[in-house]
Amino acid sequence: MSKTVLQLEGLEMAFGQIQVLRGVDLTVKEGESIAIIGPSGSGKSTLLRCLNRLETPTGGAVIFEGNRIDARSDFNRLRTHMGMVFQQFNLFPHMTALGNVIEAPIHVRKVSREVAEAEARLLLEKVGLREKADAYPRQLSGGQKQRVAIARCLAMQPRLLLLDEITSALDPELVGEVLDVVRDLARQGMTMLLVTHEMRFAREVADRIVFMDGGVVVEVGPPEEIFVRPKSERLRKFLKAVLEQTN
Amino acid sequence: MNDYVQLLQAYFPYIAKGAIVTIELTLVALIGSVLIGLVTTFAKLSSVRPLSFVAGVYIELIRATPALLQLFIIYFGLTSFGLRLDPFTAASITLSMVGGAYAAEIFRAGIEAVDRGQFEAARSLGMSTPLAMRRIILPQAAVIILPPFTNFVISMIKDTSLALTISVPEIMYRSYDASSQSFRSMAIYSMAAIIYLAVCLPLSGFARALERRRASR
């Protein structure tokens with residue numbers, strides 16, 4: 001059995017009076033890709049943001065590679081191991097694609113510029129953007145931007161990837177190129193947690209699906225169980241609503 | 001006409017020399033303002049409550065009192081505590097303090113105008129807050145700040161004229177002096193106006209060009 005990368009125990013998060021996460025339990029094994037689905041406002045994105053401490057959980061435990069993350073943990077180090085890709089790309093607009101990718105390796109991992117650039121070019125090639133190394137973000141399409149963002153994230157050699165609705169801001173015809181990259185990563189055994197609205201994609205790449213609603217995990221299981229034989233009424237309703245929308 | 005030429009010959013070099021003092025005072029006050037402004041901005045944005053409180057009080061106190069009053073407090077008022085500053089130093093300190101408060105607000109607005117996602121992306125890559133500021137936020141904020149900051153520089157040039165009141169020999173002081181000697185106020189002050197315009201107009205053209213460039217992006 002492969003080792004546990006991440007373990008959540010009763011994770012809670014509240015913004016003031018509003019309870020967003022009401023006790024989430026989840027275990028992520030090495031090499032596993034897990035898709036988190038659920039209606040908007042169910043706490044999916046907040047869950048990801050609590051993992052790398054962009055938000056501070058108000059209760060419960062996050063255990064990453066055997067270490068419990070608390071207020072005294074070194075968040076900067078934690079974040080180098082847990083890469084995150086955002087819905088809005090958040091590329092650095094004053095740097096080229098290559099500049100975006102080498103920034104953190106040089107200044108955080110402290111590798112030399114030569115090594116960082118060599119690694120970055122390989123990563124850009126991996127996401128199909130070798131020839132765009134010198135382009136600025138404003139010269140790239142949404143899909144290209146998101147692929148640069150993935151390369152930038154991979155440059156820190158993360159052991160867990162958090163993908164937060166990474167295709168939601170893209171024009172429909174650009175979604176495919178980004179999902180291709182994610183599919184490759186999943187095949188190569190990258191451990192991933194992805195929040196997504198692309199049900200077909202979730203079904204194809206995820207080893208397990210987590211269905212969240214109202215700040216709790218309602219159902220967890222392999223894709224065929226979740227999509228073909230949903231147990232809970234809430235999941236059945238959600239799937240019906242989503243499928244009606246796509247058809 | 002001949003009369004004007006004579007007046008010009010007699011007083012223009014004298015007043016124009018004041019421009020050197022005006023520019024010196026502006027430069028010293030600008031450096032002071034940027035330093036005080038940066039410290040105040042980071043204090044104001046800090047999550048340490050007392051620090052951001054003190055910065056807020058400083059900005060409000062400065063903005064709610066006339067610069068001339070502050071100049072008099074520094075130059076005349078401090079003598080009660082035995083502190084006698086020479087006029088240029090007193091003017092430099094006052095204008096730095098005033099400029100620092102206004103610059104802080106310009107800097108803060110610039111930093112806050114950078115998309116929050118930029119900071120999150122930097123942090124998610126393991127960058128510390130100071131590193132994220134230096135490499136990601138400030139370079140973007142600088143571009144946003146440049147037009148309002150140029151306007152700030154122009155105001156600073158004009159505000160140095162307050163130093164006339166404590167006899168710093170800048171443009172206004174010398175014009176006032178020349179005008180009381182020659183009794184030709186209109187002609188003399190027109191010369192002063194031309195000197196101010198020659199310094200400030202190119203700068204405001206520069207600010208407009210920057211704003212246009214940003215609008216077209």
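The main-chain N or O of B/I137 is never found under 3.5 Å from a side-chain atom of A/H94 such that the two would form a donor-acceptor pair. The closest donor-acceptor contact from the side chain of A/N90 to the backbone of B/G117 lies under 3.5 Å.
Heavy atoms of other residues, nucleotides or ligands lying less than 6.0 angstrom from CZ of B/F81 number 12 at most. The number of heavy atoms from other shown groups lying within 6.0 Å of CZ (B/F53) does not exceed 12. More than 12 heavy-atom neighbours from other residues, nucleotides or ligands sit within 6.0 angstrom of CZ on B/F149. Other residues, nucleotides and ligands place no more than 12 heavy atoms under 6.0 Å from the CZ atom of A/R130.
To the nearest 0.5 Å, the span separating CG on B/L125 from CG on A/N100 amounts to 9.0 Å. In this structure, the separation between OG on B/S128 and CG on A/D74 is 10.5 Å, given to the nearest 0.5 Å.
Counting only heavy atoms from C-beta outward, the side chains of A/M95 and B/R135 approach each other to under 4.5 Å. Contact check for A/E103 versus B/M127: side-chain heavy atoms found under the 4.5 Å cut-off.
For chain B, the nearby part of A/L91 is the backbone; its heavy atoms alone come within less than 4.5 Å. Interface residue A/H107: backbone and side-chain heavy atoms are both found under 4.5 Å from chain B. Only the side chain of A/M156 comes within less than 4.5 Å of a heavy atom of chain B; its backbone N, CA, C and O stay farther away. The contact between A/F86 and chain B is made entirely by side chain atoms (from C-beta outward), counting heavy-atom distances below 4.5 Å.
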Would B/E120 and A/R49 count as a side chain to side chain contact (heavy atoms under 4.5 Å, CB included) if you check the C-alpha gap in whole Å, the side-chain angles of each, and the deciding distance to 0.1 Å?
CA-CA 10 Å; B/E120 292 191 342; A/R49 295 165 61 83; 2.6 Å; yes
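Counting heavy-atom pairs closer than 4.5 Å to chain B, the top-ranked of the candidates A/A104, A/P93, A/C153 is A/P93.
In plain terms, the two heavy atoms of B/A121 and A/R152 that are nearest each other are CB-NH2, 3.6 Å.
When only modelled atom types and interatomic distance are considered, B/R123 and A/N76 share a side-chain donor-acceptor pair under 3.5 Å.
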